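This report refers to the structure that appears directly beneath it.
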There are 2 protein chains.
Amino acid sequence: MRGNLFAVAVDLVVLTVRSGALHVLLVRRTAPPFAGSPALPGGFVRPHEDLLDAATRELAEESGVPVPGHHLEQLASYAAPGRDPRGRVLTVGHLALVPDLPLPAAGPEAGSWHAVAGRATAEPLAFDHDRILADGVERARAKLEYTTLAASFCPPELTVAQLRGVYEAVWGRPLDPRNFQRKVTSTDGFLVPTGRTVSGARGRPAQLFRRGPATALHPPMLRGES
Amino acid sequence: MRGNLFAVAVDLVVLTVRSGALHVLLVRRTAPPFAGSPALPGGFVRPHEDLLDAATRELAEESGVPVPGHHLEQLASYAAPGRDPRGRVLTVGHLALVPDLPLPAAGPEAGSWHAVAGRATAEPLAFDHDRILADGVERARAKLEYTTLAASFCPPELTVAQLRGVYEAVWGRPLDPRNFQRKVTSTDGFLVPTGRTVSGARGRPAQLFRRGPATALHPPMLRGES
DNA sequence: CCAAAAGTGTTCAAAGTACACCCATGA
DNA sequence: TCATGGGTGTACTTTGAACACTTTTGG
């Protein structure tokens, strides 16, 4: 073995869609370094813990998100020398996609939702978290194309319009409601009808669906040029 | 900071195409643990080194691959408790795609090429390297679809047939030579003609191309059902 | 009745598939 | 000249894009 050891942390890019826009869960740091700065939620990996377990634990602690209905995957690792002034710290970024749930107790260390769109002009995040956030958003955008993960942003029962809202928020571009409807309802195993409908503010009531067993999208959902 | 520290390594999934089949570079371990087992090349990250720098260094040491003409990217991190009997070791898997170069000096620690196809029935790799290899191969297969990375498996000057051989080897499926030709030559920036031709064993001489500046493939190369 | 959202049908263009066919070389 | 692989042309099919149109609600 060698003497050059690292502390290992997990950081979370927790994304949701609320009010038609993509939001990320941020906490405010209370201790140095970067005290007072916004940051991605995260923490150190415990002695006998695997990476995904650590990320799951942090997700539950920070956002109150229990197990079902969310998606969590590893993103990438970041270990540039000097990224943490305390010493050599490697962090494994993770990406979580969750429905727009109310956050738990708004204590001083609680997280809150921030629109992703205006991040460029907002207060920079601690460490290299801006980079991790950018990678997470990019990954989410790409995965909507060829997976059914968009449904992870929605509650267990959802309408086609809600799902379309997710795509439009994440991609920042309007989609044709007619073609979108046909696409998702004709993709086998994406949405399964419940038989019930729900009345929105105005207009014809929409069918309620549950998420189907499909995870991949063949053919993919397209977002035009990019 | 915390007391639970990790050793951090990089491991390399170095892939090439030779004799029409996908091959991976493996070394044989000489020291415990897993002495005598085949393993992915890799090593510990040095005190002031970033992850990609460590992977680049290991790639140069193990395969003699100098800088240009290869592709190297981070794959994922693996840190399951107990994956290394010596203690807590996190490894960051990397994926390298290289042309079929002759390997350097075949010393006792030198690497050698092994066909990926028969790995399931072959001697298992050390640690969790079978899993890392599987992830690397899967990533390579996926990336050929929507990037121009297949050219990374070829020498700087290449023919359309060579490039097609890469796709067929990685995907394990024949492609129509006529449609493939049209697809790659009509994708802007994928291949740029040199004007020269090369005479193969038999048949009409093929045009020589160089890699173009394009990195993405719109629309993607399709591999049918999967 | 009217506005608005859900959902269907139809037309057109772009891209993949299949394959007939010609070209240029070595044996 | 023939076999072989390189390269082009073309018909057919599938899929996405655009949009007219019908359905069903609330005001």
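All values below were derived from every heavy atom in this structure, side-chain atoms included, with hydrogens, water molecules and symmetry-related copies excluded. In this text, all values refer to a predicted model and were calculated from it rather than measured experimentally.
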Using a distance-only criterion (donor-acceptor N/O pair, under 3.5 Å, no hydrogens), is the base of D:dG16 paired with the side chain of A:Arg182? no
What is the 5' to 3' range of DNA chain C, first to last nucleotide, that sits under 4.0 Å from any heavy atom of chain A? C:dA4 to C:dT10
Would the distance check show the side chain of B:Arg223 and the main-chain N or O of B:Leu175 forming a donor-acceptor pair, the cut-off being under 3.5 Å? no
Distance check needed: D:dG16 P versus A:Gln181 CD, whole Å only. 16 Å
Any donor-acceptor pair under 3.5 Å from B:Gln162 side chain to B:Thr159 backbone: yes
For residues 172-202 of chain B, which residue pairs qualify under ring pair (Phe, Tyr, Trp, His ring centres under 6.0 Å), counting only residues two or more places apart or in two chains? B:Tyr167-B:Phe180
Does the A:Arg211 side chain pair with the main chain of A:Cys154, one donor and one acceptor, at a distance under 3.5 Å? yes
Selection from D:dC19, D:dG16, D:dT8 that lies nearest to any side-chain heavy atom of A:Pro219: D:dG16
Spacing between A:His218 atom NE2 and D:dT15 atom P, to the nearest angstrom: 13 Å
If the cut-off is 4.0 Å, is B:Arg178 near the phosphate of D:dG5, judged by side-chain N/O to OP1 or OP2? no
Rounded to whole Å, CD of B:Gln162 lies from P of D:dG6 at a distance of 10 Å
Classify the nucleic acid contact of B:Arg204 as base, sugar-phosphate or nothing, counting any heavy atom under 4.0 Å across all strands shown. base
CZ (A:Arg57) with more than 12 external heavy atoms under 6.0 Å: yes
